[in-house]
2 protein chains.
Amino acid sequence: MFTKQELTDYTKEAREKWLNHISIDCVVFGFHEGQLKVLLLKMRNEAKWYLPGGFVLKQEQLDVAANRILKERTSLDHIFLQQFHVFGDPARSQPHTDMYNGMVEDKDNWFATRFITIGYYALVDFHNTVPTPDAMSEACVWCNLEEVPALSLDHGQILENALYTLRLQLNYLPIGYNLMPNEFTMPELQKLYETILGKKLDRRNFQRKILAFDILNRSEHPRKGGAHKAPYLYSFNLEKYEQALKDGLASGW
Amino acid sequence: MFTKQELTDYTKEAREKWLNHISIDCVVFGFHEGQLKVLLLKMRNEAKWYLPGGFVLKQEQLDVAANRILKERTSLDHIFLQQFHVFGDPARSQPHTDMYNGMVEDKDNWFATRFITIGYYALVDFHNTVPTPDAMSEACVWCNLEEVPALSLDHGQILENALYTLRLQLNYLPIGYNLMPNEFTMPELQKLYETILGKKLDRRNFQRKILAFDILNRSEHPRKGGAHKAPYLYSFNLEKYEQALKDGLASGW
DNA sequence: TCAAAAGTGTTATCGATACACCCATGC
DNA sequence: GCATGGGTGTATCGATAACACTTTTGA
């Protein structure tokens, strides 16, 4: 991945540019064809998979850093991002350290230092996302949640924690705007909820409950062309949606 | 607070000992005489108040660091601690920086660097707590939540965020074991919930709901001596309490 | 004996769940 | 016309909220 010289150079530059000891890792959720997906990177020349991540500029807001990192990986702007946990086990950096061990002295190895990583989860529109590998990776791809391979470092734990948080927040935050296309049908939205929660919901009760939140607009004209009865098209009422994000929703699933 | 030499020395030592750029701040909640209280420190020779905090040893777990810091301030062990948010605004360190500005060069001033602080909230038993000032403070005292003075840096924001989290978690976690004495009456426990939530609850409904959680043991003998009808004494069933912490509680307040 | 604190029970209402029927469309 | 997907309505159950009565005890 790095030659000895490159590693020394990178380290020197990195120490100047980034806040030391701090990293950001992002769990990016997307939704496509009834499947919840996560964005993963594959390390160059190795069978290792990991989460999109990066570092924080010396004078950069954390949220801005997370946005910047994700923009590089997805080409998206204004991503829905939630900081959910900090992972700081001293041992968590060890495997990463091992990768470059012995090549140069530790003081010349950016990756040999301890990193506290801030976990963010993101909800993004699958169709507008352009997965883009970073300098260390040869691939950046969507992966079905059920088919996620073993991840490097503690990234498996970070992913699990993100999913847990997402499920929890489903109970008091409106979720969907960032994962659904502009217009969608009620069954499509229901599929999203079912996928996140990992369980089936009753069609009629789901509709009643979602509508009760009063965050949806129903389009006059149903979607044409498909087989069977034409479903109504909905879109999120952004004003009410934002309000619900602030105030929280009542009750849970 | 510091002389020029002391600051330079402290800085040199600190850089070796602590993880740079990372701090921990704790919002310690206690409960006494029907009042929710927060532990605050008063800066030596200044009118500034702030939250108990500290730094992380180079090879220390974050949770261990938080525990260590709080043990120094409270003399308590095994404190209930919840990491709830990371605060990393580059501007947040500025006021702290100002304090020592110009005394020495920035590179010789530990406090002139940017700090990302990890917010923890703690629930502790008021009666067993021995508030102890740290090196920079002349006082460490309990302060009624409604009477908290303006806090330095972004500590006001951290406190607010902690309270928000506590209220949120009241909905799905059993809370009380760490704030109440070993034995307590139902009205006493109710007062705690009312205080955290900032609103009155119905006596009878509260009792039913709490008992439904099935985390309490009722003592055979009521509390004697007080005026009026003797209330029953309850204690937490630790086994069931721990289980509920893992599984979460249903429904909310 | 009375006020105040505490224990216990009942009813009403709202929301969640479960379930049934009607409508539209392509084969 | 019938299978399938989708829209709407209703009954039931449980949890919450609202509310009343009784018991104990010290003054």
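Treat the numbers as computed from the prediction; the structure is a model and nothing was measured. Throughout, protein chains are lettered first and strands after them, A, B, ... in sequence-line order, and every chain is numbered starting at 1.
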Fill in: B:F184 ring center near B:F236 ring center (under 6.0 Å)
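Distance test on ring centres: under 6.0 Å, yes.
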Discussion item. Please confirm whether the ring centroid of B:Y193 lies under 6.0 Å from the ring centroid of B:F206.
Written reply: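 When the ring centroids of B:Y193 and B:F206 are compared, they turn out to be within the sub-6.0 Å range.
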Side chain of [X] only, heavy atoms from C-beta on: which candidate in [options] is closest?
{"X": "B:R204", "options": "C:dT25, C:dG9, D:dG6", "answer": "C:dG9"}
{"X": "A:D202", "options": "C:dC19, D:dG7, C:dA6", "answer": "C:dC19"}
{"X": "B:K209", "options": "C:dT8, D:dT8, D:dT16", "answer": "D:dT16"}
{"X": "A:H228", "options": "C:dC19, D:dG7, C:dT25", "answer": "C:dT25"}
{"X": "A:K229", "options": "C:dA6, D:dG6, D:dA17", "answer": "D:dG6"}

Nearest-Å distance, [atom1] ([X]) to [atom2] ([N])?
{"X": "B:L211", "N": "C:dA6", "atom1": "CG", "atom2": "C1'", "result": "14 Å"}
{"X": "B:F213", "N": "D:dA15", "atom1": "CZ", "atom2": "P", "result": "12 Å"}
{"X": "A:N171", "N": "C:dA16", "atom1": "CG", "atom2": "P", "result": "12 Å"}
{"X": "B:R208", "N": "C:dT10", "atom1": "CZ", "atom2": "P", "result": "11 Å"}
{"X": "A:L233", "N": "D:dG6", "atom1": "CG", "atom2": "P", "result": "12 Å"}
{"X": "B:I210", "N": "C:dG7", "atom1": "CD1", "atom2": "P", "result": "13 Å"}
{"X": "B:N205", "N": "C:dG9", "atom1": "CG", "atom2": "C1'", "result": "11 Å"}
{"X": "B:Y232", "N": "C:dA5", "atom1": "OH", "atom2": "C1'", "result": "14 Å"}

Worksheet item: Between A:P187 and B:R203, who's closer to the 5' end of DNA chain D by nearest nucleotide?
Response: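 It is A:P187, whose closest nucleotide lies nearer the 5' terminus.
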Worksheet item: Does the side chain of A:D25 come within less than 4.5 Å of A:H155's, by heavy atoms?
Response: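 Yes; the side chains approach each other to less than 4.5 Å.
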Item to complete: Indicate the ring-plane relationship of A:H32 and A:H127, choosing parallel, tilted or perpendicular according to the 30° and 60° boundaries.
Response: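 Answer is perpendicular, since the angle exceeds 60°.
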Worksheet entry | Donor + acceptor pair across side chains of B:D63, B:Y120 (<3.5 Å) |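 A pair is found: one side chain offers a donor N or O, the other an acceptor, under 3.5 Å apart.
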Item to complete: Report yes if at least one side-chain N or O of A:R218 is closer than 4.0 Å to OP1 or OP2 of D:dT8; otherwise report no.
Response: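 True: A:R218 side-chain N/O within range (under 4.0 Å) of D:dT8 OP1/OP2.
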